[in-house]
Number of protein chains: 4
Amino acid sequence: MPEPKQNVGRPRDAQIDGAIVRATRELLVERGYAKLTVDAVAARAGIGKAAIYRRFATKQEMIFAATVHDMREQPPPDSGSLRGDLAAVCRTIAAQLGEAPPDVLHGLLADIHADKELGARFTGSFIERERYVLDVVLDRARERGELEDRPDTATVHALLIGPVFFWLLILGGDRERVEALSATVAESVADFLVKA
Amino acid sequence: MPEPKQNVGRPRDAQIDGAIVRATRELLVERGYAKLTVDAVAARAGIGKAAIYRRFATKQEMIFAATVHDMREQPPPDSGSLRGDLAAVCRTIAAQLGEAPPDVLHGLLADIHADKELGARFTGSFIERERYVLDVVLDRARERGELEDRPDTATVHALLIGPVFFWLLILGGDRERVEALSATVAESVADFLVKA
Amino acid sequence: MPEPKQNVGRPRDAQIDGAIVRATRELLVERGYAKLTVDAVAARAGIGKAAIYRRFATKQEMIFAATVHDMREQPPPDSGSLRGDLAAVCRTIAAQLGEAPPDVLHGLLADIHADKELGARFTGSFIERERYVLDVVLDRARERGELEDRPDTATVHALLIGPVFFWLLILGGDRERVEALSATVAESVADFLVKA
Amino acid sequence: MPEPKQNVGRPRDAQIDGAIVRATRELLVERGYAKLTVDAVAARAGIGKAAIYRRFATKQEMIFAATVHDMREQPPPDSGSLRGDLAAVCRTIAAQLGEAPPDVLHGLLADIHADKELGARFTGSFIERERYVLDVVLDRARERGELEDRPDTATVHALLIGPVFFWLLILGGDRERVEALSATVAESVADFLVKA
DNA sequence: CGGTAAGCGAGACGGTACGTCGAGTCTTATG
DNA sequence: CATAAGACTCGACGTACCGTCTCGCTTACCG
């Protein structure tokens, strides 16, 4: 969202920012990602299309901004064990993933990977953040003495989040079992890392 | 690809089938999923659009056919251990996933999940097939005595394929390390299942 | 209206050509030139906008084609006198001008003069034609012995058509008095030319 | 240009009035009527759009003011003959018409006729003024004894101005010959009226 | 062996959404 | 108050793509 140049001119109406996000989210749920139109968002938000395109270069940017809202993931409180920490991380991320309908996530991912710049922003803000959180958790475990060697973070990332991601987005798995799956994954990964 | 009613009339030109697939793959690489148009495929293949729509109901079906060809996944030969079998399954699927560019897979998944009926067909053919393969592998392990209790197949599915999927499609991870990741995942999952 | 390249491909639907013209004329009368929209024309004609833009490069071209239909002005039959001939020419052109509402004519003229290429086509087809008709009439008068010197056609053109044009389009004059005005103009111009 | 309510508050910047007119004229010449935008005028004049809309209700009013400035047509000094008076009137109006480019006049006329109320105002100010001038001239001729019957002013208006108008706006005629055309028209009309 | 059903390239068709642009209005901060 | 800057609504524009539909041909099987 490219902010207005200076303090000159009429400032952006902050209510409109909110209305766009709200309308987008509502329509995403009501009609699904594929049937979301900019006109519909504008109509629902009670604004003109120009107000949207003044804020976002494309429809995708708009959805991106409306969907992946400030996901400022924080490292979990120290649970005392790697397994506990991993379970906490996994649960948090799983909960976030579970919020949006699968078609929205897939649509978003498709659009993100269709546009280099958007892809870079996505990686920069989300993936990097998750990676940082895992770094913290793994460093803790090392200091705690649970880990002898520091494992590759990316690998752990995949081992930990991959199953939940796959469960929700590909298998269309039961959302109520995600919590249990998170625990299972955390146990499995912790065991594996500690054993090594 | 539904075949013609009878043997009457001019038969389909088999060269066209190939040309469509070839053109689709080329354009997918050159322009990416989002910018692939049916007109462009027809033009590149030197054929008319009708020839495409006579073979495929939608653009997605066409891309599907051109991309994830004959995924008639077979249970791997018995390697003698659960870990070996899992590694084989994981490696195979990882190899398939690694063939197509990420944007294509994401686009396809998005389109699949945009349409309920298409989503059902996808699950019915691919997911069920993978599940069947895992069933076989897990049953083997049980007979072998490696497993005491038969674990939930869906969970194993997620634990095994999820990380590879995530690695390739979300993390944009190195394709050359996928093989190693497959081995790691197989080891981790096998350990976890056997221990339990 | 750029015709289709060759005999290949699906031919243009001639009914659509007619429907566009009809819808355009109707809406021009109903809503006026300024409020004519391409979407409305398409909707009224029961066709898609693409069908219009396949035929006309711009909205203006469409209106041009729909409005100034084949005005193949013919020299009037020899009335036996310059005055009679001029009156005939003036009456015919006045009748054509009087057909369309003033706002349409003004809109059209504005658009024509806004686009060089369109302006050239307009001059080429209409002005030149009228000029040709006047040439014939003036040559007749010369042969008849009414005129000693051949007057400048453009000047006669202006003297003859100008008043009627001004009456209808600028003064918003009574349409029923146009016929009388035509006669007056013809008499005035004929007298002037013969006298000289 | 409605003046500010009172003498309170900051007075209008008179330089801005001039800047608007200048910018409008420049852009009208550079880009033509159809491509003139209010934003462009504001930018060129180095002012805000609000400053324009505080002075003019619409874009058309602005162009109007910048183009056909103070047409407070006055009856010409008595030349001693109807023909001389008519020539003077015609020359003056022709000169005014000839100042602005044809596309501007056509655009303006189109906009004027697109709005009933605007059309009425136009007629009320310009046409009526010209009509008044002709009334004076014709009355003079009557008093002078040149005319027996008082001819219809509207008809004379059309006969006199129509040809020049047509010459400049429709025929795209040579601007240098307008003076000569004015004389011709005046002679023709005067002859016709006196003869009758 | 000739009829005919189906295939074919080309491209027009209806529909739908996109992103852009302009007019006229409104809002802020500044003078 | 007037001003510059620029955001706002509204509504049309012209473009692009999808999936369908003709057109005039060509091709091979079936009677």
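Chain A is the first sequence line, chain B the second, and so forth, proteins listed ahead of strands; every chain is numbered from 1. In what follows, every heavy atom counts, from backbone to side chain, and hydrogens, waters and symmetry copies are set aside. Computed from a predicted model, the values in this text were never measured in an experiment.
Computed from coordinates, the C/K35 NZ to F/dC10 C1' distance equals 14 Å when rounded to whole Å. Atom P of nucleotide E/dG19 and atom CD of A/E61 are separated by 11 Å, given to the nearest angstrom. B/D111 has its CG atom 13 Å from the C1' atom of F/dC17, to the nearest Å. In this structure, CE of D/M62 is placed 14 Å from P of E/dT25, rounded to the nearest angstrom. In this structure, C/F56 atom CZ and E/dA12 atom C1' are separated by 15 Å, rounded to whole Å. One interatomic measurement links the two molecules: CD of A/Q60 to C1' of E/dG19, which rounds to 11 Å at whole-angstrom precision. Rounding to whole angstrom units, CZ of residue A/R54 and P of F/dC10 are separated by 13 Å.
For B/K59, the side-chain atoms get nearest to F/dC18 when compared with the rest of E/dG24, F/dC18, F/dA4. Out of E/dC8, F/dC13, F/dC18, the shortest distance to the side chain of B/R55 is found at E/dC8. When the nucleotides E/dG11, F/dC18, F/dC8 are ranked by their closest atom to the side chain of C/V8, E/dG11 comes out on top. Among the nucleotides E/dA23, E/dA17, F/dA2, the one closest to any side-chain atom of D/Y53 is E/dA23. Considering only side-chain atoms of A/D39, the nucleotide from F/dA4, F/dG14, E/dC18 that sits closest is E/dC18.
Comparing A/L36 and D/L36, the nucleotide of DNA chain E nearest to each residue sits closer to the 5' end for A/L36. Taking for each of B/A14 and A/T37 the nucleotide of DNA chain E with the nearest heavy atom, the 5'-most of the two is the partner of B/A14. Mapping B/K49 and A/A45 onto DNA chain F by nearest heavy atom places A/A45 closer to the 5' end of the strand. Each of D/A51 and B/A57 lies near DNA chain F, and the nucleotide nearest D/A51 is the one positioned closer to the 5' end.
Between the side chain of A/R10 and the base of E/dC26, a donor-acceptor pair under 3.5 Å is found.
Judged by distance alone, the side chain of C/R12 and the main-chain N or O of C/D17 form no donor-acceptor pair under 3.5 Å. Distance alone, capped at 3.5 Å, places no donor-acceptor pair between the B/D103 side chain and the A/H113 backbone. Although no hydrogens or angles enter the test, the distance criterion places a donor-acceptor pair under 3.5 Å between the side chain of B/R55 and the main chain of B/A51.
Within the 4.0 angstrom heavy-atom criterion, base atoms lie near A/A50. Within 4.0 Å of B/I52, counting heavy atoms only, lies no atom of the nucleic acid at all.
Residues D/E99 and D/R25 are not paired through a salt bridge, judged by the lack of any N-O separation under 4.0 Å between the basic side chain and the carboxylate. Ion pairing of B/R22 with B/E26 is absent here, as no side-chain N (NZ or NE/NH1/NH2) approaches a carboxylate O to less than 4.0 Å.
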